[in-house]
Structure formats: structure tokens, C-alpha cells
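Structure record follows, encoded as C-alpha cells.
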Amino acid sequence: MLIRIAEPGSPRPSEVTPREVYRERRRWLARAAAVTAVAAVDALPGLEAGRAWSAATSPGPGGSALVTVPSPLSVMERQTSRHDVTTYNNFYEFGLDKGDPARHAGRLNTSPWTVTVDGEVAKGRDFSIEELRTLAPLEERVCRLRCVEAWSMVIPWVGYSLSALLKAVEPTPRARYVEFTTLADPRQMPGLSSSVMKWPYVEGLRLDEALHPLAMLAVGLYGEVLPNQNGAPIRLVVPWKYGFKSAKSLVRIRLTEQQPMTSWHLAAPREYGFYSNVNPGVDHPRWSQATERRIGEDGFFKPKRKTLMFNGYESQVGQLYAGMDLARDY
Ligand SMILES: Nc1nc2c(c(=O)[nH]1)N[C@H]1C(S)=C(S)[C@@H](COP(=O)(O)O)O[C@H]1N2
Ligand SMILES: [Mo]
């Protein structure tokens, strides 16, 4: 029985044999070493800026503080420690282990950074990260994040509703979906050598979901600039959907008429649908979604907590899915 207490499988597209995992990791480590060398050379021209920035975004207290107002959309729940939030991560571009992003994302150069907003919009253009940090008042908004792997955290994000950006670019009447593309730079991201999915990492929302106030662009957490491993310099947070919808290190936001393809759906269509709403009633084909382990709070031997419909945000987002069969549109 004790063996069964291990974590549920991670959301890889197919069952991976230990030998494949081992080979993958070995290839990855070799790649990581190569990237370190390249990054050192690349850092030379912009050394000053790069150094200032990586100091500001390195994990641990003392990062650069952000001025925030409290959000009315926060949940009043015990927050996961900053240590757990910044050391237990999924960011496959930096490796598959939970500790890999904290170990390897420090080299990611997040300045300069632009996000292209285009597609079905009247005023599409590039936004610099500086512009994005000041586009709307920064809220400290405490949200639950429920990973598809059946663990969860409660995180005080810093950011604002994605709708502020979407409204600024004026969606055309044809816009029905939003596609989010994240950085894929093999010189900075050793995990791209892994074939677990096609890069870049792409996610999508229906436009009405994206305009819901709870859908957030985050530029910080715990009152400070976002650490690289959490998706610096800007990432999506969609608290009523499984964590993988909350795409990190965004470089492009495109409004579309057609439903975008998403990386996880492409990798394993039967396991990951377009909607990916947190739903305790619809199991993942390989494990239950009925319960979850709250990181840092529930020990392995404590009973797991029940997963809530839409991750506890049902009263706020439920009407977005009125009349839909959520077992089919999973
Ligand atoms: N670009 C990118 N974004 C990503 C991922 C990833 O691998 N790459 N992992 C996702 C998953 S599975 C989860 S659970 C959350 C984790 O966010 P956190 O590490 O800040 O808690 O990021 C999501 N965003
Ligand atoms: Mo996840």
C-alpha cells in the first residue's frame, strides 16, 4: 500500500518507461551543460542590465518589490509558502523534475521582453514588458492553482485581469478565441530538447473566458517581480482551470476566429481537452481528479482534500458553461 502513496503520474503524453525517463534526463543534462556555456557568452553584451534583472528575479526574499492594491477577487485561504511556490514547479522548458525550473530558469533573460498582441484586433501591436507592468493597477490577488497532477497551491499573484489588455487592443467582431504562445528559445531553455511536447508551448481560451475578471496576467507573486521559474516576466493565471492552462513566459497573444490547437491536447488528445476546467467528476484517464494534495499543508499521510468544481470558483465562472456537457467538453 505504501508504494501507492506516491504522486499520481505527471501529465506526460504517454506512459514513459523508467529507462526512457533515464535516457531523457541524461540527454537533458548534457544539453543543460551546453546551454550554460552559451548563456555565459550571450550575457556579455548586456551584462549590466542582465545582472540587475536576474538579481531582481532570483528566488528568495529581497527581490524587487511591486506596488499593489488588494484584490476583491482574492480567496481567504492559507497561502502556500513562498519557498514551495518557487521551488515546486512545472515549466517543462527547463526540465521535467519539479526542482528543475528553480535550478535552471535563473539564466532566462527577461529584459528586454515584448509580447505581440495580434490577430482579430483593431489595434494589435507589440507591448514591452515595462508597458505591461503599468497597463493597469497591480492587484495582489490570492488564487488557488490546481495542477492536473492532483496537487494544489494557494498563491498571492501580482497582476491584473487579462481583459484590460484585450480591451486595449479592441477585438474585432470575428474574434472568438485567444491563443497564448510562450517563449521557446533552445539557447536558454534546455528542456526544449525533450520531445514530451511540441514547442513552443501553446494554450487557448474562449474569448468570453479570457474576458472573465478572474483570468489574470501575472507579473509577480508574494509582492515581488515574478521569479523566472514561475513564468517571468509575464504569465497567464486561469484559476478555475488545470494549471497547464496558465501559460508561462508569454511572447504572443493572438485573437482568432477558430479554436486554437493547444500543446497538451496535441500531445495527448484523450487526456487533455481544450477546456480543461477543474472538474472532480471527470477523471483523467490515468488517475482520479476527485481529490488533491495541498502542497506544504497536507502531509502524504493526511487525508487529501476534495477537489471543488471549477476549483472552487463555480459561482463566478459556472455560467460560462451553461448548457455544455462538461464530460464531453473536458
Ligand atoms: N510555458 C509553460 N507554461 C506552463 C507550464 C510549462 O511547462 N511551460 N506548466 C504548466 C503547469 S502543468 C502548471 S501546474 C503551472 C505551474 O505554475 P507554477 O510553477 O507557477 O506553480 O504552469 C503551467 N504553465
Ligand atoms: Mo500542471
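Both counts, for ligands and for their atoms, begin at 1 and track the order of listing. Sequential numbering from 1 along the given sequence is applied to the chain's residues. Predicted, not measured: the structure shown is a model, and the values here were computed from it.
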Polar proximity ligand 1 side, K248 side, N/O cut 3.5 Å exclusive: yes

Proximal ligand 1 atoms for C147, defined as those under 4.0 Å from one of its heavy atoms: 14 (S)

Using modelled atom types and a 3.5 Å cut-off, is there a donor and acceptor pairing between side-chain atoms of Q188 and backbone atoms of D185? no

Given G191, P227, G243, identify the one with the heavy atom nearest to atom 13 (C) of ligand 1. G243

I need the contact type for N89 against ligand 1. Using non-hydrogen atoms and a strict under-4.0 Å cut-off, is it side chain, backbone, both or neither? both

Please tell me whether H83 and Y88 form a close aromatic pair, meaning their ring centres lie under 6.0 Å apart. no

List in chain and number order the residues that pass ring pair (Phe, Tyr, Trp, His ring centres under 6.0 Å) with H265, two or more places apart in sequence or in another chain; answer none if no residue qualifies. none

Where's the contact between E93 and ligand 1, heavy-atom distance under 4.0 Å: side chain, backbone, both or neither? side chain

Where the side chain of H104 meets the backbone of G191, is there a donor-acceptor pair that is under 3.5 Å apart? no

Working to the nearest 0.5 Å, report the span between NZ of K245 and CH2 of W240. 10.5 Å

Region of R235 engaging ligand 1 - heavy atom pairs below 4.0 Å: side chain

Does E203 reach ligand 1, in the sense of a heavy atom lying below 4.0 Å from it? no

Close-contact set for ligand 1 against T182 heavy atoms, below 4.0 Å: 1 (N)

Does the N or O separation between W151 and ligand 1 drop below 3.5 Å for any pair? no

Under 4.0 Å, heavy-atom basis, I'd like to know which part of Y201 is in contact with ligand 1: side chain, backbone, both or neither. side chain

Can you see whether Y330 has R328 sitting over its ring - NZ or CZ less than 6.0 Å from the centre and within 45° of the normal? no

Judged by non-hydrogen atoms, does S246 sit under 4.0 Å from ligand 1? yes

Keeping the roles fixed (side chain from N279, backbone from G281), state whether a donor-acceptor pair exists under 3.5 Å. yes

Does any pair with a residue in residues 70-80 pass side-chain hydrogen bond (donor to acceptor under 3.5 Å, both in side chains), and if so which ones, sequence neighbours excluded? S71-E139, S71-R141, E77-R144, E77-R294

